[in-house]
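Okay, structure first, notes after.
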Amino acid sequence: MTRMQSYTIGQAARLLGVSPDTARRWADAGRVATHRDEAGRRLIDGRDLAAFSVEIGQQGADDAEVPYTSARNAFPGIVTGVRLGDVAAQVEIQAGPHRLVSLLTREAVEELGLEVGMEATARVKATNVHIDRG
């Protein structure tokens, strides 16, 4: 069994799509649990971060203004769900306020060692992409 990954406040902020100051304030307010490592750094367990990312993703984007940009096709985030079937699998990733769901083979999930709480990047290739400007 693999050891659960933990994330620094800065790493968590990047995965959640917020500033490190925002992630620190959330931790200080007790919205997400932290613990300290041997060096005294505050860390967030992967499973706790995954659950928190789903919570804030369901709340939608906060009051911050969305930048005028065309989103890139790589969405770094945290695995929030893995459902294995006999042949196929479903993997959910929360990338900031974006929830992405991918259907892939069970073999691919096992080869990548995907588990809830792990960092992963969803890469999207589409022939039809809509771009909105706020």
Would you say [X]'s side chain and [Y]'s backbone share a donor-acceptor pair under 3.5 angstrom?
{"X": "Asp45", "Y": "Arg47", "value": "no"}
{"X": "Gln94", "Y": "Gly96", "value": "yes"}
{"X": "Tyr7", "Y": "Gly117", "value": "yes"}

Reported [atom1]-to-[atom2] distance for the pair [X] and [Y], which is rounded to 0.5 angstrom:
{"X": "Asp48", "Y": "Arg31", "atom1": "CG", "atom2": "CZ", "value": "14.0 Å"}
{"X": "Arg41", "Y": "Thr8", "atom1": "CZ", "atom2": "OG1", "value": "6.5 Å"}
{"X": "Ile93", "Y": "Arg123", "atom1": "CD1", "atom2": "CZ", "value": "10.5 Å"}
{"X": "Arg42", "Y": "Arg24", "atom1": "CZ", "atom2": "CZ", "value": "7.0 Å"}

Query raised in the report: What do the steps show when you test Gln5 against Gln11 for side chain to side chain contact (heavy atoms under 4.5 Å, CB included), and what is the final call?
Result: CA-CA 12 Å; Gln5 185 168 353; Gln11 290 170 322; 5.7 Å; no

Requested in this report: Using side-chain hydrogen bond (donor to acceptor under 3.5 Å, both in side chains) as the criterion, list what pairs up with Arg25, not counting sequence neighbours.
Outcome: Thr22

Write down the atom of [X], the atom of [Y], and the distance for their closest heavy-atom approach.
{"X": "Ala95", "Y": "Leu100", "answer": "CB-CD1, 4.0 Å"}
{"X": "Ala108", "Y": "Leu104", "answer": "CB-CD1, 3.8 Å"}
{"X": "His35", "Y": "Ser6", "answer": "CE1-OG, 3.7 Å"}

Query raised in the report: In terms of heavy-atom contacts, does CZ of Arg106 have more than 12 from other residues, nucleotides or ligands at under 6.0 Å?
Result: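 Atom CZ in Arg106 is packed in, count exceeds 12.
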
Query raised in the report: Near Glu107 CD, under 6.0 Å, is it more than 12 heavy atoms from other residues, nucleotides or ligands?
Result: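 Atom CD in Glu107 is not crowded, with 12 or fewer foreign heavy atoms closer than 6.0 Å.
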
Cluster overlap [X] with [Y], hydrophobic side-chain contacts below 4.5 Å:
{"X": "Val101", "Y": "Val91", "result": "no"}
{"X": "Ile44", "Y": "Leu16", "result": "yes"}
{"X": "Leu49", "Y": "Leu43", "result": "no"}

Distance-only donor-acceptor pairs under 3.5 Å for side chains of residues 74-86, two or more places apart:
{"unit_1": "Arg83", "atom_1": "NH1", "unit_2": "Glu92", "atom_2": "OE2", "d": "2.7"}
{"unit_1": "Arg83", "atom_1": "NH2", "unit_2": "Glu92", "atom_2": "OE2", "d": "3.2"}

